[in-house]
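Worksheet: the structure to be examined is printed underneath.
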2 protein chains.
Amino acid sequence: MNSDDLEKEKRLLIEKMGVFFENWDTLSPLSSRVFALLALSLEDGVTFEEIKETLGASKSSICTNLQLLQSKGRIDYCTKPGDRKRYFKIDDQQIMTRLDEKIEDWKQEKILHEKVLSYKEKVLALNKINIEDNSNLKIKISYNKHYIEFTEAMIEDLKKLKQNLLDI
Amino acid sequence: MNSDDLEKEKRLLIEKMGVFFENWDTLSPLSSRVFALLALSLEDGVTFEEIKETLGASKSSICTNLQLLQSKGRIDYCTKPGDRKRYFKIDDQQIMTRLDEKIEDWKQEKILHEKVLSYKEKVLALNKINIEDNSNLKIKISYNKHYIEFTEAMIEDLKKLKQNLLDI
DNA sequence: CTTTTGGTTCGGTAAATACCGAACCAATCG
DNA sequence: CGATTGGTTCGGTATTTACCGAACCAAAAG
């Protein structure tokens, strides 16, 4: 295993992670590869120029995608005294940020399903349908309620995982 | 609350759920609204024609998106004896399917981070860097390891949630 | 105060995605 | 059998998204 092989492995990994994160975190292809590149770095940060060169993209695209990733809380940068360059790196908080986003998403899903349930109950009331008379309906409604419970459990689990991470 | 108000509430909900599921489950706008419509139905299924009319989309678009949702395991249909129409409905298994997909995603994320760690260790080895000499590096590497543990915990939690759902 | 460096902004193009209409097929009906 | 119903397929267009180049700005160096 020499330096060349490692460079190849790096490029391969950037590509693999790139494809994965595109869907996983809904990033543009380039954003995703920038993120991957930073995740692989052992330095204190990677410069604009180096990112541009390794990914072979234009200055402007790199810039926009760096801004995008920063605004999403996925990366940030630091500077070194007497050096105007920015050293981009993965945001230390990014996992937390993403966990918080996931929690928000599940909360949203829960709220929506509560609204679905409430809508269905209104329909039943308006049409004077007794749920007990129709086992199919009964199953549907109880399924809804179960799903809401499921989202609650999911949210609780995510909160616990978050707390575990904070405790490290 | 009359029938008209309910119809309005339904359309509003379809729109809200539509927007949400587009990102949540990476569906096309129309797919997402079809899914929402089916989720709100109290009947045993909704016909092609009714979906088309409520969503005001073309026959072909409805068709393609119904196929897409079926291939993703999000919806399916049943037929009624002596009736050629298909009655589309939410797939009973869809939550399971989605949970399984989530588990697969986290497994993938775990694998990728293991590869990142392995890559980093190779870089250190090649450059004969002792991690103990550099607290920054040490933190980075241990962060990686913690993250892998985190993905494991996440996967376990998801599996438990899945089992709970199966037990209902 | 000109030049260079590091990065941003904006207008435009290329590519991907979502949707549509028309032609089509297969099953049923008259 | 031809007509109708229920749904599919395919070619094309509109919209969105991703990216680029060129002009630009601000800080520092010469």
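Letters A, B, ... are given to chains in the order of the sequence lines, protein chains preceding strands, and every chain is numbered from 1.
- Pairs of residues two or more places apart, or lying in two chains, never qualify as ring pair (Phe, Tyr, Trp, His ring centres under 6.0 Å) while including a residue from residues 37-57 of chain A.
- Across residues 47-60 of chain B, Ala57(B), Ser58(B), Ser60(B) each have a non-hydrogen atom less than 4.0 Å from an atom of DNA chain C (numbered order).
- Among pairs with a residue in residues 57-71 of chain B, those fulfilling side chain to side chain donor-acceptor pair (under 3.5 Å) read Ser28(B)-Asn65(B), Ser31(B)-Asn65(B), Ser58(B)-Ser60(B), Ser58(B)-Ser61(B), at least two apart in sequence or across chains.
- Applying the side-chain contact (heavy atoms from CB on, under 4.5 Å) test between Val19(B) and each of Met17(B), Glu15(B), Lys16(B) identifies Glu15(B) as the sole match.
- Residues satisfying the salt bridge (Lys or Arg N to Asp or Glu O under 4.0 Å) criterion with Glu104(B), sequence neighbours excluded, are Lys107(B).
- Protein chain A contacts DNA chain D from dA18(D) to dA28(D), reading 5' to 3' and using non-hydrogen atoms of the protein with a distance under 4.0 Å.
- Contacts between residues 72-91 of chain A and DNA chain C, counted as heavy-atom distances below 4.0 Å, involve Arg84(A), Lys85(A), Arg86(A).
- Under the side chain to side chain contact (heavy atoms under 4.5 Å, CB included) criterion, Asp5(B) pairs with Met1(B), Asn2(B), sequence neighbours left out.
- Relative to the ring axis of Trp24(B), Lys102(B) places its NZ or CZ within 45° and under 6.0 Å from the centre.
- Taking Lys138(B) as the reference, Glu132(B) meet the salt bridge (Lys or Arg N to Asp or Glu O under 4.0 Å) condition, with sequence neighbours excluded.
- Between Lys160(A) and Glu156(A) there is no salt bridge, since no side-chain N of the basic residue sits under 4.0 Å from a carboxylate O of the acidic one.
- Within residues 11-41 of chain B, the residues having any heavy atom closer than 4.0 Å to DNA chain C are, in order of number, Ser28(B), Pro29(B), Leu30(B).
- Atom-to-atom, CG of Leu66(A) to P of dG6(C) comes out at 15 Å; the value is rounded to the nearest Å.
- Residues satisfying the side chain to side chain donor-acceptor pair (under 3.5 Å) criterion with Asn127(B), sequence neighbours excluded, are absent altogether.
- Stacking of Arg86(B) on the aromatic ring of Tyr77(B) is recorded, both the 6.0 Å distance cut-off and the 45° axial limit being met.
- For Tyr147(B), the ring-ring contact (aromatic ring centres under 6.0 Å, His included) partners two or more places apart in sequence, or in a different chain, are His113(B), Phe150(B).
- Remark: Arg84(A) engages no residue in a salt bridge (Lys or Arg N to Asp or Glu O under 4.0 Å) (not counting sequence neighbours).
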